Amino acid sequence: MSDRLRMADMLARGDVFAPDCPTRTILRQLTSSWGLLVLVALQPGTLRFSALRRRIRGISERMLAQTLTQLEANRLLTRHSLPVVPPHVEYSLTPLGIEAARRAEDLVEWIQVNLVEMRPDAGHDADAGTPQA
């Protein structure tokens, strides 16, 4: 199979295991901790920048702006500027973003539910590396 044909095939569906596939960039952006949190935070509905920042405690303005720009570029959310002073900008999930957010929320929920079991010190004998009875 020629390289050109293989690349066309990857672009049609994507292959995250191929190092030169564009899905890798999207996967990296989407699965960053901030990307996941933005998607989940927007799932209930439209939020302004300041409300998103309050919801996702600990994110800097710069990182939130960068994450929003990346998610918008990947067509997972839309940005709507309101013509008021001071300027207000609202963010909403696109249909594609809603689907991604549902999947992200499942992962986030699973992590929260299983947090105790996944912690390095959770019920394991530090010397043996095995669960304690």
Side-chain angles (χ1 to χ4, degrees):
M1 183 184 301
S2 75
D3 286 343
R4 199 158 118 182
L5 182 59
R6 196 176 56 145
M7 181 56 95
D9 208 31
M10 276 194 294
L11 291 175
R13 183 181 184 291
D15 179 2
V16 295
F17 294 104
D20 55 346
C21 184
T23 56
R24 288 264 182 112
T25 301
I26 295 169
L27 182 67
R28 187 172 33 260
Q29 293 167 354
L30 187 64
T31 60
S32 73
S33 59
W34 300 126
L36 283 173
L37 292 175
V38 166
L39 288 173
V40 173
L42 284 172
Q43 196 170 16
T46 301
L47 289 175
R48 289 183 25 205
F49 185 93
S50 56
L52 265 172
R53 187 147 183 253
R54 281 191 303 273
R55 177 75 177 111
I56 307 169
R57 296 180 300 267
I59 190 169
S60 69
E61 283 187 28
R62 181 174 182 245
M63 185 54 67
L64 179 56
Q66 182 180 335
T67 301
L68 290 166
T69 299
Q70 291 170 343
L71 294 173
E72 183 182 17
N74 292 323
R75 299 181 178 161
L76 297 171
L77 60 83
T78 58
R79 178 184 190 274
H80 179 70
S81 296
L82 302 170
V84 295
V85 176
H88 292 192
V89 179
E90 295 180 337
Y91 296 90
S92 302
L93 294 174
T94 63
L96 196 60
I98 291 168
E99 182 180 349
R102 278 191 208 120
R103 294 169 188 264
E105 185 177 45
D106 287 343
L107 177 60
V108 168
E109 181 64 22
W110 180 84
I111 291 168
Q112 291 178 134
V113 167
N114 292 288
L115 176 64
V116 172
E117 291 182 50
M118 291 188 289
R119 292 184 56 174
D121 60 345
H124 290 275
D125 181 349
D127 296 327
T130 57
Q132 295 176 352

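Starting from 1, each residue takes its place in the sequence as its number. Since the model is a prediction, treat every value here as computed from it, not as a measurement.
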Nearest 0.5 Å, what's the [atom1]-[atom2] distance between [X] and [Y]?
{"X": "Ser92", "Y": "Arg79", "atom1": "OG", "atom2": "CZ", "answer": "12.0 Å"}
{"X": "Arg75", "Y": "Thr94", "atom1": "CZ", "atom2": "OG1", "answer": "9.5 Å"}
{"X": "Leu76", "Y": "Gln70", "atom1": "CG", "atom2": "CD", "answer": "11.0 Å"}
{"X": "Ser32", "Y": "Leu71", "atom1": "OG", "atom2": "CG", "answer": "7.5 Å"}
{"X": "Gln43", "Y": "Leu93", "atom1": "CD", "atom2": "CG", "answer": "7.0 Å"}
{"X": "Met63", "Y": "Leu68", "atom1": "CE", "atom2": "CG", "answer": "11.5 Å"}

Is there side-chain contact between [X] and [Y], with at least one heavy-atom pair below 4.5 Å?
{"X": "Trp110", "Y": "Met118", "result": "yes"}
{"X": "Val38", "Y": "Tyr91", "result": "no"}
{"X": "Glu117", "Y": "Asn114", "result": "yes"}
{"X": "Pro19", "Y": "Arg24", "result": "yes"}
{"X": "Leu52", "Y": "Leu42", "result": "yes"}

Shortest non-hydrogen contact from [X] toward [Y]:
{"X": "Ser81", "Y": "Val89", "value": "OG-CG2, 4.0 Å"}
{"X": "Ala104", "Y": "Leu36", "value": "CB-CD2, 3.3 Å"}
{"X": "Gly14", "Y": "Cys21", "value": "CA-SG, 3.8 Å"}
{"X": "Thr46", "Y": "Glu90", "value": "CG2-CB, 3.6 Å"}
{"X": "Ala101", "Y": "Val40", "value": "O-CG2, 4.4 Å"}
{"X": "Gly97", "Y": "Leu39", "value": "O-CD2, 4.2 Å"}

Report yes or no: do Leu37 and Leu96 belong to one cluster of Ile/Leu/Val/Met/Phe/Trp/Tyr joined by side chain heavy-atom distances under 4.5 Å?
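Yes, Leu37 and Leu96 fall within the same hydrophobic cluster.
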Ile26, Leu107: one ILVMFWY side-chain cluster at the under-4.5 Å cut-off?
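Not linked; separate clusters.
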Between Trp34 and Ile56, is a side-chain contact (heavy atoms from CB on, under 4.5 Å) present by the stated rule, with each step listed?
CA-CA 8 Å; Trp34 300 126; Ile56 307 169; 3.6 Å; yes
